[in-house]
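Take a look at the structure below.
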Amino acid sequence: MPVFLPPIHPVRYGDATTKLVYDGLTSFIAGHPQAIHPYTFYEKVDQWLGPWGQTGYPLAYGKFYNIAFTTNKKLNAHRATRDWVWKTTILLQEAMRDYIVERFKDQNLPITEPQLRRAAFQSHPRAYTQAGLARVVLTDPALLIVIAEIPEREFVPGTPNFGPSVTQALKTLDLVWPQVLEEAPKKLLRFAEFHMSSHNEQQTILKERLLKSNLNLLMWSIRHGEVDDIPTLRSIVEKLGAQKFSDSDADMRAKDVIAAARYREAILHAYYRDLMKHSPEVSKRIYDRYRNLFFPAPR
């Protein structure tokens with residue numbers, strides 16, 4: 001039997017009405033019968049307490065991030081990250097439900113959009129980090145910029161509340177790939193030199209093979225979306241473009257890697273443009289913060 005939210009105007013406080021509010025909101029939380037979509041809860045809250053439309057938290061942030069995560073192919077391809085998305089979706093919606101019900105118990109209505117937004121943002125750090133945000137970041141680096149723009153000081157990368165594991169993941173993804181070409185050949189060469197005595201010609205052959213192997217690894221990683229971070233892709237292009245290759249085959253492979261990195265960056269730009277259509281407000285925040293990565297500016 002469908003559950004309905006009581007009229008918000010005029011407000012009739014009381015235990016019975018509070019239960020109706022609790023049951024009504026719960027029925028729209030992801031996983032419940034009346035939740036047609038994972039983001040149905042946010043649409044119902046906006047209709048009931050607002051409407052605030054695309055400038056209000058329920059649609060501009062709640063629904064936007066739900067779509068961003070639940071439609072991500074990489075996250076859905078892995079059991080761990082898929083479970084994280086589902087668990088976090090429910091935790092965030094339950095937190096908003098509990099805030100609204102508490103305000104109703106206290107006979108403290110109406111709830112303004114800024115008040116709802118503030119309460120929702122305060123629930124983000126606990127829900128995202130406890131559910132295992134680091135797995136999501138590492139599974140799809142393309143979400144780095146989107147995740148970084150989950151608003152408010154409590155959830156800014158680098159701050160204590162963001163979570164050490166997530167901060168570490170962000171730093172790792174930002175730094176590791178530009179170092180592949182520089183560090184991996186050096187370490188492997190040092191290992192080889194330690195365990196075998198070689199003539200100069202043999203060392204040259206080994207170095208060329210290691211370089212080609214790393215270029216192949218880098219190419220595979222780029223094409224399979226393992227380096228989906230625009231600054232990292234640009235760093236790879238810059239470093240390879242400045243490197244001199246004595247071997248013509250390695251030079252051609254490096255050029256192929258550069259082309260792949262540029263193509264992957266174009267794919268990321270298209271991905272972000274499509275995703276940002278769901279929330280003009282988030283789109284503006286991202287462009288303002290990362291304007292050197294996105295052009296032209298969103299309208």
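Computed over heavy atoms, backbone and side chain alike; hydrogens, waters and symmetry mates excluded.
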With rounding to the nearest 0.5 Å, note down the distance linking CZ in R103 to CG in N108. 4.0 Å

How many angstroms lie between atom CD1 of I222 and atom CD of E265, to the nearest 0.5 angstrom? 11.0 Å

Can you see which heavy atom on [X] is nearest to which on [Y], and at what distance?
| X | Y | answer |
| --- | --- | --- |
| A30 | T89 | CB-CG2, 3.7 Å |
| N66 | P38 | OD1-CB, 3.3 Å |
| K63 | E43 | NZ-OE2, 2.9 Å |
| T55 | A60 | C-CB, 4.3 Å |
| L25 | R97 | CB-CG, 3.7 Å |

Just do the side-chain contact (heavy atoms from CB on, under 4.5 Å) check on Y22 and D98 with the steps written out, would you? CA-CA 8 Å; Y22 181 91; D98 294 345; 4.2 Å; yes

Does some side-chain heavy atom of [Y] sit less than 4.5 Å from a side-chain heavy atom of [X]?
| X | Y | answer |
| --- | --- | --- |
| Y272 | I230 | yes |
| I29 | E94 | yes |
| Y99 | Q122 | no |
| W48 | I111 | no |
| F64 | Y42 | no |
| R79 | D83 | yes |
| W52 | L116 | yes |
| P110 | L49 | no |

Between K19 and D15, is there a salt bridge with N-O shorter than 4.0 Å? no

L5 with V11, same ILVMFWY side-chain cluster at under 4.5 Å: yes

Evaluate side-chain contact (heavy atoms from CB on, under 4.5 Å) for V45 paired with Y57, printing each intermediate quantity in order. CA-CA 10 Å; V45 168; Y57 174 88; over 6 Å; no

